[in-house]
Amino acid sequence: MIQIDALPAFSDNYIWLLQDTAKRRCAVVDPGDAGPVQAWLDAHPDWILSDILITHHHQDHVGGVECLKQRTGARVCGPANEHIPGRDLALHDHDQVEVLGLTFEVLAVPGHTLGHIAYYTADQPAPLLFSGDTLFAAGCGRMFEGTPEQMQPALARLAALPSATQVYCAHEYTLSNLRFAKAVEPENPHIAQRFEDVTRLRADHRITLPSTIGLERQTNPFLRTAETSVKQKADEWKGLSNTSQAAVFAALRSWKDSF
């Protein structure tokens with residue numbers, strides 16, 4: 001069993017810390033800031049940071065990589081098609097990488113950035129997904145580099161993972177995402193309940209992650225582009241009939257960008 005904790009960074013980032021408690025080895029995902037990781041290592045001096053996993057090249061995900069690598073000698077794994085500082089292992093779609101005894105499959109999920117990847121493993125009792133800025137709890141990332149025709153299928157690929165898959169995304173955006181989801185599907189009882197639950201968590205300054213793929217299928221409008229009610233709202237927003245799921249996704253994303 002691998003223990004996973006969140007190390008908060010900046011205003012709303014999470015750096016995921018994976019811990020093999022038996023061997024006192026750990027790994028981190030997307031350390032945009034070395035400080036929180038260094039503080040944890042300083043408090044646990046008998047632990048070894050063995051691996052750094054990167055999903056994409058944005059500074060709030062890679063800013064701490066070189067400092068941590070210099071200090072610990074950790075292996076840096078990241079997407080082959082992006083510039084990742086200090087990268088030792090360049091990863092392509094369908095590659096596998098072993099970290100702390102877990103075998104992760106690399107999933108190419110372009111859209112937020114062109115080379116964005118996610119890490120998936122079924123080795124734990126519940127499968128794990130580290131989705132970076134592609135899939136958020138109740139939302140998705142903005143398209144800074146890719147197109148709707150890339151990102152909608154990428155999200156559908158993640159939605160096809162087992163329902164019990166635990167989703168570890170990189171930002172605490174859940175409450176604002178659910179406000180938008182309520183606007184898209186005001187009659188969806190799963191969204192209404194999740195909004196209540198998350199509102200209580202955030203009122204207590206508690207983390208809303210991980211999510212699950214099953215919950216995302218019920219409450220995330222960007223995974224629900226085939227639903228008639230979602231398409232109707234997207235059509236209303238654009239003032240025309242969106243003829244494909246990618247078009248529905250594009251309409252939702254443009255709406256969310258100005259929501």
Side-chain angles (χ1 to χ4, degrees), residues 2 4 6 9 13-18 27-32 37 50-66 68-69 74-100 102-124 127-137 139-162 165-171 173 209-213 216 220 222-223 249 253:
I2 298 297
I4 304 174
N13 282 69
Y14 290 128
I15 301 167
W16 295 109
L17 174 71
L18 289 67
V28 291
V29 182
D30 286 346
V37 182
S50 61
D51 292 279
I52 298 170
L53 300 180
I54 301 298
T55 62
H56 66 292
H57 67 83
H58 285 163
Q59 188 66 15
D60 64 321
H61 293 252
V62 303
V65 169
E66 289 182 300
L68 291 171
K69 181 178 180 178
R75 177 182 62 164
V76 178
C77 308
N81 297 322
E82 296 192 351
H83 173 69
I84 305 300
R87 184 182 58 203
D88 299 300
L89 184 60
L91 297 171
H92 298 84
D93 194 25
H94 300 299
D95 280 351
Q96 292 189 336
V97 58
E98 187 162 319
V99 178
L100 303 180
L102 303 178
T103 300
F104 285 92
E105 180 183 0
V106 175
L107 306 176
V109 284
H112 180 69
T113 66
L114 288 176
H116 199 303
I117 61 174
Y119 297 87
Y120 171 76
T121 181
D123 287 352
Q124 289 279 91
L128 307 176
L129 174 70
F130 294 95
S131 58
D133 285 359
T134 294
L135 174 63
F136 291 134
C140 73
R142 291 174 180 259
M143 289 178 291
F144 287 113
E145 298 174 12
T147 66
E149 290 75 21
Q150 291 172 311
M151 194 161 188
Q152 187 274 322
L155 288 166
R157 184 181 190 185
L158 299 182
L161 294 173
T165 302
Q166 295 186 311
V167 178
Y168 292 87
C169 59
H171 290 272
Y173 291 161
L209 302 169
S211 180
T212 66
I213 289 294
E216 294 308 308
N220 189 327
F222 297 101
L223 303 189
F249 170 81
R253 188 61 259 180

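No hydrogens, no waters, no symmetry mates; every other heavy atom, side chains included, goes into these values. Start at 1 with the first residue, then count along the sequence. None of these values were measured; they are calculated from a predicted model.
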Would you indicate whether the side-chain heavy atoms of [Y] and [X] approach each other to under 4.5 Å?
| X | Y | value |
| --- | --- | --- |
| L161 | Y120 | yes |
| R142 | D133 | no |
| L91 | Y119 | yes |

- Query: Who are the salt bridge (charged side-chain N to carboxylate O under 4.0 Å, His left out) partners of R87, not counting sequence neighbours?
  - Reply: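 R87 satisfies salt bridge (charged side-chain N to carboxylate O under 4.0 Å, His left out) with no residue once adjacent residues are dropped.
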Testing the basics here: between [X] and [Y], what is the closest heavy-atom pair and its distance to 0.1 Å?
| X | Y | result |
| --- | --- | --- |
| A137 | C169 | N-SG, 3.7 Å |
| P31 | I54 | CD-CD1, 3.7 Å |
| A170 | F136 | N-CE2, 4.4 Å |

- Message: One thing to verify: whether K69 and D51 come together as a salt bridge, which I'm taking to mean a side-chain N less than 4.0 angstrom from a carboxylate O.
- Response: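 A salt bridge is absent here (no side-chain N lies under 4.0 Å from a carboxylate O).
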- Message: When you compare the side chains of E82 and T113, does any donor N or O come within less than 3.5 Å of an acceptor on the partner?
- Response: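 A donor-acceptor contact under 3.5 Å links the two side chains.
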- Cut-off 3.5 Å, side chains only: do T134 and H116 have a donor facing an acceptor?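 Yes - a donor-acceptor pair under 3.5 Å links their side chains.
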- Query: How far apart are the C-alpha atoms of H57 and E145, what are their side-chain angles, what is the distance that settles it, and do they pass the side chain to side chain contact (heavy atoms under 4.5 Å, CB included) test?
  - Reply: CA-CA 12 Å; H57 67 83; E145 298 174 12; 2.7 Å; yes
- Start with the C-alpha distance between W16 and L209, add both sets of side-chain angles, then the distance that settles side chain to side chain contact (heavy atoms under 4.5 Å, CB included), and finish with yes or no. CA-CA 11 Å; W16 295 109; L209 302 169; 3.9 Å; yes
- Donor-acceptor pair, side chain of E216 and main chain of L223, under 3.5 angstrom: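 Side chain of E216 to backbone of L223: no pair is present.
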- Query: What residues form a side-chain hydrogen bond (donor to acceptor under 3.5 Å, both in side chains) with Y173, not counting sequence neighbours?
  - Reply: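 In terms of side-chain hydrogen bond (donor to acceptor under 3.5 Å, both in side chains), with neighbours along the sequence ignored, Y173 is linked to H171.
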